[in-house]
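Notes follow once the structure below has been shown.
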Amino acid sequence: MRKWPGITNNIQNIFRAISEHNLDLHDFLKPDVLEKLWKKETRDDKSCLELRSEDENWFAGVRESFKTKSEYMNYKAQSRVKKYYSDASAKLKKDVDQEVSEDIRELVNQLKNKLEKNSYQGTYFDRTALETERICNSDGLFECEGKFDESTCENSHMINPYSSRQNCLMFGMWDLDHIIEKTRVVIPMVLKAAKMKKTKQILSCDKIYNLLFTRHNLKLVFRECHSKKSRVSTLDWKTLYL
């Protein structure tokens, strides 16, 4: 079965296609109709273009300082990770016990320094980055990695935000999901580790960084696959030391 590179899984597109071609749902599912729509989507796909000067429509509403699609997508990944840092930092500082506030303050600073060194993981959405550092393929195609407790996406959700401005905007419906939940599990375990640590014990910035900001604990998922159900966590606060 052929996989469409664009927004095939988006329900709005399906109904728009049905309306444009005056079809009922039964007709829409006929192989010849699917083939026509596939050809149209392929024809409209501009993922091969990279420069602003080549695809001005893709950059509609985007600051003039961004000259390539990859540069802008790198920025979008950084923005998400910066938000995770902001949320985690605020939560750690808010809920910390006074006697370990200095340890948490030091940890927060270490996390920020590491994020700055790694350019806030901007390569996640950047198709020009090394294969080991990006989530998409070299064309910019992203595939949903499935719910937190599944190894793959049973609906084969996929999107290429590089192909059109509409796809780029709709990529906002894709989330980086913490497998071990950030707010309900990771932050409380970090705070407990800080409170329970012995004199010579040191919180591991690297371990906590991996849980909050790296693919060690992040999956890219279409919003439909971002499960909100309760998760059983095996994270032990005792493992968060050097």
Side-chain angles (χ1 to χ4, degrees), residues 73-126 129-130 132-135 142 144-151 171-223 225-242:
M73 292 301 293
N74 187 298
Y75 162 77
K76 296 299 285 184
Q78 288 191 44
S79 296
R80 295 201 192 191
V81 173
K82 284 180 179 179
K83 180 65 164 57
Y84 294 157
Y85 169 77
S86 178
D87 291 346
S89 173
K91 185 69 173 173
L92 285 168
K93 292 177 180 178
K94 176 178 179 291
D95 294 348
V96 67
D97 288 341
Q98 189 62 38
E99 64 267 24
V100 294
S101 60
E102 186 58 39
D103 294 311
I104 292 299
R105 189 178 299 109
E106 182 178 351
L107 171 66
V108 167
N109 289 336
Q110 289 175 342
L111 291 172
K112 184 176 183 180
N113 290 338
K114 192 172 178 67
L115 280 168
E116 290 176 346
K117 182 179 179 180
N118 293 328
S119 300
Y120 287 90
Q121 307 296 151
T123 55
Y124 285 163
F125 298 165
D126 184 347
L130 295 174
T132 55
E133 297 179 351
R134 52 178 159 83
I135 302 176
F142 293 83
C144 177
E145 297 176 307
K147 297 178 182 179
F148 73 93
D149 55 353
E150 298 175 359
S151 58
F171 191 60
M173 296 179 65
W174 287 62
D175 300 327
L176 286 169
D177 182 21
H178 287 85
I179 302 168
I180 301 174
E181 295 174 287
K182 170 171 59 71
T183 303
R184 294 179 183 174
V185 179
V186 178
I187 299 302
M189 288 296 100
V190 171
L191 290 170
K192 185 170 183 178
K195 184 175 181 178
M196 302 297 291
K197 79 180 188 69
K198 298 176 182 177
T199 303
K200 293 185 179 181
Q201 287 181 312
I202 301 173
L203 291 172
S204 173
C205 174
D206 288 346
K207 291 178 181 179
I208 296 167
Y209 183 95
N210 285 339
L211 287 166
L212 291 173
F213 309 118
T214 76
R215 302 277 285 151
H216 175 83
N217 191 43
L218 289 174
K219 296 178 75 171
L220 182 72
V221 297
F222 180 54
R223 194 154 295 175
C225 291
H226 194 166
S227 176
K228 301 299 183 181
K229 72 179 183 180
S230 179
R231 311 181 185 186
V232 177
S233 172
T234 57
L235 182 62
D236 186 346
W237 60 269
K238 300 184 188 72
T239 65
L240 299 180
Y241 302 116
L242 289 176

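Within the structure, salt bridge (charged side-chain N to carboxylate O under 4.0 Å, His left out) contacts touching residues 111-121 (residues at least two apart or in different chains) are K114-D206. Sequence neighbours left out, the pairs with a member in residues 79-89 that pass salt bridge (charged side-chain N to carboxylate O under 4.0 Å, His left out) are K83-D87. Pairs engaging residues 184-208 under the ring pair (Phe, Tyr, Trp, His ring centres under 6.0 Å) rule: none recorded [sequence neighbours left out]. Residue pairs meeting the salt bridge (charged side-chain N to carboxylate O under 4.0 Å, His left out) criterion with at least one partner in residues 212-223, sequence neighbours excluded, are E145-R215, D175-R223.
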**OP:** Tell me, with the steps shown, if V190 and I104 meet side-chain contact (heavy atoms from CB on, under 4.5 Å).
**Re:** CA-CA 9 Å; V190 171; I104 292 299; 4.3 Å; yes
Subject >> side-chain contact (heavy atoms from CB on, under 4.5 Å) between D177 and H226, intermediate numbers included >> reply: CA-CA 7 Å; D177 182 21; H226 194 166; 3.0 Å; yes
Subject >> Worked check of side-chain contact (heavy atoms from CB on, under 4.5 Å) between I135 and L176 >> reply: CA-CA 11 Å; I135 302 176; L176 286 169; 3.9 Å; yes
Original post:
What do the steps show when you test C144 against L220 for side-chain contact (heavy atoms from CB on, under 4.5 Å), and what is the final call?
Top reply: CA-CA 6 Å; C144 177; L220 182 72; over 6 Å; no
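Interatomic distance, OG of S89 versus CG of L115, reported as 10.5 Å (0.5 Å rounding). Note that CG of L107 is 10.5 Å distant from NZ of K93, once rounded to the nearest 0.5 Å. Here E133 contributes atom CD and S119 contributes atom OG; the two are 9.5 Å apart, rounded to the nearest 0.5 Å. Interatomic distance, L92 CG to R105 CZ, rounded to the nearest 0.5 Å: 12.0 Å. One distance of note links CG of L240 with CE of M189; it measures 8.5 Å at 0.5 Å rounding. Taking CG of L111 as the start and CD1 of I208 as the end, the distance is 6.5 Å to the nearest 0.5 Å.
Formation of a donor-acceptor pair under 3.5 Å by the S233 side chain with backbone atoms of I180 is not found in this model. Under a 3.5 Å cut-off, the side chain of T214 and the backbone N or O of H216 do form a donor-acceptor pair. A side-chain donor-acceptor contact under 3.5 Å links N217 to the backbone of L211. Under the 3.5 Å distance criterion, the side-chain polar atoms of S204 are matched with a main-chain donor or acceptor of K207. Using modelled atom types, one side-chain atom of D236 and one backbone atom of K238 make a donor-acceptor pair closer than 3.5 Å.
When the ring pair (Phe, Tyr, Trp, His ring centres under 6.0 Å) test is applied to Y124, no partner is found at least two apart in sequence or on another chain. Under the side-chain hydrogen bond (donor to acceptor under 3.5 Å, both in side chains) criterion, K195 pairs with D97, not counting sequence neighbours.
By the neighbour-count criterion of 12 heavy atoms within 6.0 Å, atom OH of Y75 is sparsely surrounded, having that number or fewer from other residues, nucleotides or ligands. Within 6.0 Å of the NZ atom in K192, the count of heavy atoms belonging to other residues, nucleotides or ligands does not exceed 12.
Taking all atoms of both residues into account, the shortest heavy-atom contact from A194 to V100 is O-CG1, 3.3 Å. Here the shortest heavy-atom pairing between L212 and A88 reads CD1-CB, 4.2 Å. The shortest heavy-atom contact between A129 and R134 is O-NE, 2.9 Å. When all heavy atoms are compared, the tightest approach of R184 to E181 is NH1-OE2, 3.3 Å. Q78 and G122 make their closest contact through CG-CA, 3.6 Å (heavy atoms, listed as atom of the first residue, atom of the second, distance). Heavy-atom minimum distance, V221 versus G146: CG1-O, 3.1 Å.
Here Y84 and H178 bring their ring centres to under 6.0 angstrom of each other. Taking the centre of each ring, F142 and F171 come in below the 6.0 Å mark.
Note: Y85 and F213 have tilted aromatic rings, judged against thresholds of 30 and 60 degrees for the angle between ring planes.
Between L191 and V96, some side-chain heavy-atom pair lies under the 4.5 Å cut-off.
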